[in-house]
Structures are given as structure tokens and as C-alpha cells.
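All values below were derived from every heavy atom in this structure, side-chain atoms included, with hydrogens, water molecules and symmetry-related copies excluded. Please read all numbers here as calculations on a predicted model, not as lab measurements. When a ligand or atom number is given, it counts from 1 through the structure's own listing order.
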Amino acid sequence: MDSIRIVGGRPLHGEIPIGGAKNAALPLMAAGLLTEDRLLLTRVPRLADIETMSSLLAQHGIAVERTGNDGRSLSLGGPITNTEAPYDIVRKMRASILVLGPLLARMGEARVSLPGGCAIGTRPVDLHLKGLQQMGAEIELDFGYVVAKVAGRLRGATIIFPMPSVGATENLLMAASLAEGTTLLRNAAREPEIIDLCHCLVAMGARISGIGTGELVIEGVEKLHAATHAIIPDRIETGTYACAVGIAGGDVVLRDARMEHLGAVARSMEDAGILITEVPEGVRVRRANGLHGVDVMTEPYPGFPTDMQAQFMAMMVVAEGASMITESIFENRFMHVSELTRMGARVNVHGSSAIVRGVDSLHGAPVMATDLRASSSLILAGLAAKGETVVSRVYHLDRGYEDVEGKLSAVGARVERFSE
Ligand code: UD1
């Protein structure tokens with residue numbers, strides 16, 4: 001199993017390329033199930049989760065092929081030969097549930113394993129299922145599987161989400177694109193990844209209005225067709241490296257990053273004393289002076305993303321003063337705290353809030369994390385630590401960050417991967 005060794009204390013200078021967004025790529029790949037024609041996605045990152053989704057689509061019968069000179073294009077197409085998403089694949093990645101809407105809309109049936117427990121708290125899929133039922137699907141649970149059927153096509157419906165859900169919005173958007181009649185999604189999630197999915201669906205022939213708002217109107221069509229779509233840059237990878245600069249100091253351009261997707265993250269970073277500006281190549285991040293404690297609360301987009309909470313905390317741990325970090329999206333998403341504490345951080349968790357009291361420096365330690373963003377927060381903490389930090393179980397990291405050790409080393413950090 002691979003581990004990553006970090007020796008902290010060096011400022012970062014240079015350029016880090018930002019890849020295509022994992023959380024945009026996964027639903028876009030599921031959208032490949034909506035047509036027999038070819039969907040060509042470009043700027044697809046090389047990540048374990050993309051491989052998992054590729055295996056899932058392949059076993060549904062889709063021909064999945066990496067193409068292009070840079071190997072970053074993915075061609076999807078062909079008939080669906082199997083409508084079952086087996087537990088063995090779904091258990092590796094929750095986003096597998098995104099095949100449910102497309103399979104049901106195109107084939108009239110789907111049998112998809114329930115994603116099951118997740119390290120960051122109970123994450124139900126009730127909103128996905130209720131929405132599909134409102135569109136006429138019959139849904140049963142059978143031996144850990146969601147079994148969904150519809151006679152003929154799904155039907156347009158008005159679906160009001162009690163809270164914005166990224167996955168449920170995506171599943172229902174895809175299903176509604178091929179439904180009969182008009183679907184209204186109210187209180188829909190507005191993340192940039194959803195806007196990206198809408199743009200791709202429109203390129204495939206879908207009729208969607210209200211893109212970028214919480215109220216999406218989808219007029220179903222009978223068929224979707226071939227399209228080519230470039231995936232947006234990853235705003236969480238961007239924010240993670242911005243925190244790396246905040247922690248280590250220096251001046252780095254995050255190439256291809258988009259300032260407009262950072263929303264509350266950019267504001268919180270500025271409040272913490274980081275200079276973050278839009279430049280023609282992407283986003284430039286600098287820290288000349290000290291860091292200050294800033295309070296943040298995770299919220300649906302455009303609020304502060306839960307996927308940036310652990311990394312921001314790693315930065316607050318070495319800021320001057322205190323900060324309160326509140327997690328309002330997922331319960332139990334503070335697993336990085338105990339590991340950060342082992343490196344000398346002063347953090348107290350009370351319910352869904354963590355009080356961080358900044359310290360002058362951390363000290364290196366062997367640490368490990370049980371989820372993706374928690375793992376990246378430990379790498380960041382390692383940049384602030386005196387001595388050597390070893391982060392083990394980096395397969396979590398590989399689900400969502402491409403070549404983290406290469407990207408950080410290229411800007412001057414001492415970070416290397418090794419096999420234990
Ligand atoms: C997506 C992201 C994940 C991110 C999360 C929140 C992908 C592949 N994953 O996950 O990285 O952390 O958005 O920004 O894009 N909920 C229900 N019932 C449901 C669905 C969700 O109660 O049927 C709740 C969840 O428990 C959570 C909240 O709604 O409290 C938001 O979850 P959701 O937006 O659905 O997250 P995911 O789509 O799973």
C-alpha cells in the first residue's frame with residue numbers, strides 16, 4: 001500500500017496545473033447512458049473514481065475508451081446490455097447511484113445496489129428515489145438493491161427538494177431529459193458541476209432552462225444524440241492547492257483554475273490573509289504575511305463547500321487566533337481532527353462545530369485518514385510541520401487527486417510517494 005512522506009517548511013513557487021473536476025466527470029460519464037451515440041468527454045482527470053465509473057459503465061455494455069493525444073478524453077457509446085449495477089462496484093463509490101436515473105429513463109428498468117454506509121456519515125438516497133417515483137417509477141428494495149421499473153417512459157413531474165442535493169439533482173436532471181413532458185426541479189442544487197452537466201445535456205439535445213438557478217425546467221425529449229464536452233476545472237483541487245500556499249507561503253499560479261467557481265472559498269481565503277487573484281492563466285495565490293483565524297460554515301453552493309472543510313481547517317490550525325468551523329452538510333466529517341491533533345493542532349469539536357486555536361507550528365507524525373478530503377488535509381498539515389509526516393492509506397487520496405506528490409514537488413515542496 002502506498003504512503004506519502006512530506007517534509008514541511010518550504011514555501012511554494014511556480015505553477016500547478018488543475019485537472020478536470022472529478023465531481024463533474026462522474027455524472028457526465030453517467031450521462032453517456034442516455035444515448036447510444038458517442039459522448040466524447042475531454043479534460044477527464046486520471047483518478048481511481050473515474051476508473052470505477054468506467055468499469056461500471058463497461059459492465060452495462062457501454063464501450064469506454066481513453067482517446068486523444070493526452071489520454072484525457074473519454075469516448076462513451078453503444079447499446080446498454082445490462083441494467084444491473086452490482087454491489088462490488090457501487091460499494092467502492094457512492095456516485096455509482098448516478099446510473100439509476102439514466103438507466104431507468106433509457107431502458108425502463110434498473111437494478112442498482114444501494115451505496116451503503118459511508119465514512120462521512122449516513123448519506124441516504126431517499127431524494128433520488130422519491131423524485132423518480134414522482135416521475136412514475138415503481139421502486140422496490142430487494143436484498144440491498146434498488147429495483148426500479150417504469151411502464152413506457154418516465155413522466156415529467158414537479159419535484160420540490162426539501163434540501164438541495166447535488167446527486168439527486170443530477171440523477172433527476174438526467175432522467176427528466178428523456179421523460180415525457182416537463183419536469184420542474186425546485187430547490188435544486190446549483191453547484192458548478194450541475195451547470196456543467198446541464199451544458200453537456202443541452203449539447204446532447206436536452207431542453208433545459210433555469211441553468212445555474214435553483215429552479216430547473218426540463219422539457220423531455222424522445223432521444224438524445226452525440227456530443228463533445230470539455231469538463232470544467234476542479235474547484236476542490238484548486239481550493240486545496242490554494243490552502244497549500246496559505247500554509248507553506250509563496251506565490252503559485254493554479255493553471256486553468258476558475259476564480260468564478262471558488263465563491264465563498266476565495267472570500268474566506270482573503271479574510272485569512274491570502275492574496276487570491278484572477279490571472280490569464282488561471283488563479284494566482286500568494287501569502288506574504290501571516291494567516292488569521294476565520295470562521296467558516298459549510299453550505300450548499302455558492303456557500304463554503306463541505307469538500308473544502310478539512311483542508312481549510314488544516315490551514316486554520318497554523319493561523320493566528322481562533323476560528324470556528326461548522327459542518328452543516330454531513331455529520332461525522334471531522335475525522336481529520338484526531339490526526340491533526342497528533343501533529344500538535346489545538347482543535348475541540350462540539351457537535352457540528354470545531355474550535356481551532358492556531359499554533360505556531362505543527363510537528364511531523366505518522367497519520368492516516370479514512371476519506372478523500374481528510375487525506376488531503378493531512379498532506380497540507382505536513383507542509384506546515386517540522387520534520388517528517390507520513391500519510392498512509394493514500395488510496396483515498398488517489399480517488400480524487402491526480403499526482404499530488406508530483407504537483408507539490410514541482411513548486412518546491414518535499415513530498416514523495418513510497419510503498420510500505
Ligand atoms: C456530492 C459530492 C460530494 C460533496 C457533496 C456535497 C459528487 C460525486 N459528490 O455528494 O463530494 O461532498 O455533493 O457538496 O459530486 N441527502 C439526503 N437524501 C438524499 C441525498 C442527499 O438526505 O437522497 C443529504 C445528504 O445526507 C447530505 C445532503 O443531502 O446531508 C447533501 O448531499 P448531496 O448534495 O446529495 O451529496 P452527494 O451528491 O452525495
For ligand 1, indicate whether the residue [X] contacts it via side chain, backbone, both or neither (heavy-atom separation under 4.0 Å).
X      : result
Arg333 : side chain
Arg94  : side chain
Thr306 : side chain
Tyr301 : neither

Salt bridge or not between [X] and [Y]? Use side-chain N to carboxylate O under 4.0 Å.
X      : Y      : value
Glu180 : Arg155 : no
Glu36  : Arg106 : yes
Glu270 : Arg267 : no

About how many Å separate CD1 of Ile139 and NZ of Lys130, when rounded to the nearest 0.5 Å?
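Rounded to the nearest 0.5 Å, the NZ-CD1 separation comes out at 11.5 Å.
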
Drop me the distance from Leu197's CG to Ile231's CD1, to the nearest 0.5 angstrom.
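Those atoms lie 11.0 Å apart.
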
Do any N/O atoms on [X] end up under 3.5 angstrom from N/O atoms on ligand 1?
X      : result
Ser165 : yes
Gly167 : yes
Ile329 : yes
Val166 : yes
Met163 : no
Asp126 : yes
Asn23  : yes

Enumerated ligand 1 atoms positioned under 4.0 Å from heavy atoms of Val125:
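Close to Val125: 19 (C), 23 (O).
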
Should you measure from each heavy atom of His128, which atoms of ligand 1 turn up under 4.0 Å away?
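Here the atoms of ligand 1 in question are 23 (O).
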
Kindly confirm or rule out a cation-pi arrangement of Arg111 over Tyr145, judged by NZ or CZ under 6.0 Å from the six-membered ring centre and within 45° of its axis?
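So Arg111 does make the cation-pi contact.
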
On the six-membered ring of Phe418, is Arg5 placed so that its NZ or CZ lies under 6.0 angstrom from the centre and within 45° of the ring axis?
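Judged by the rule, Arg5 and Phe418 form a cation-pi pair.
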
Option set Leu372, Asp307, Leu127, criterion heavy-atom distance to atom 4 (C) of ligand 1, minimum:
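That would be Asp307.
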
Shortest reach to atom 26 (O) of ligand 1 by a heavy atom, considering only Ala25, Ser328, Pro124
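Ranked by closest heavy atom to atom 26 (O) of ligand 1, first place is Pro124.
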
Under 3.5 Å, is there a donor on one side chain and an acceptor on the other for [X] and [Y]?
X      : Y      : value
Thr83  : Glu109 : yes
Gln311 : Thr240 : yes
Thr306 : Arg333 : yes

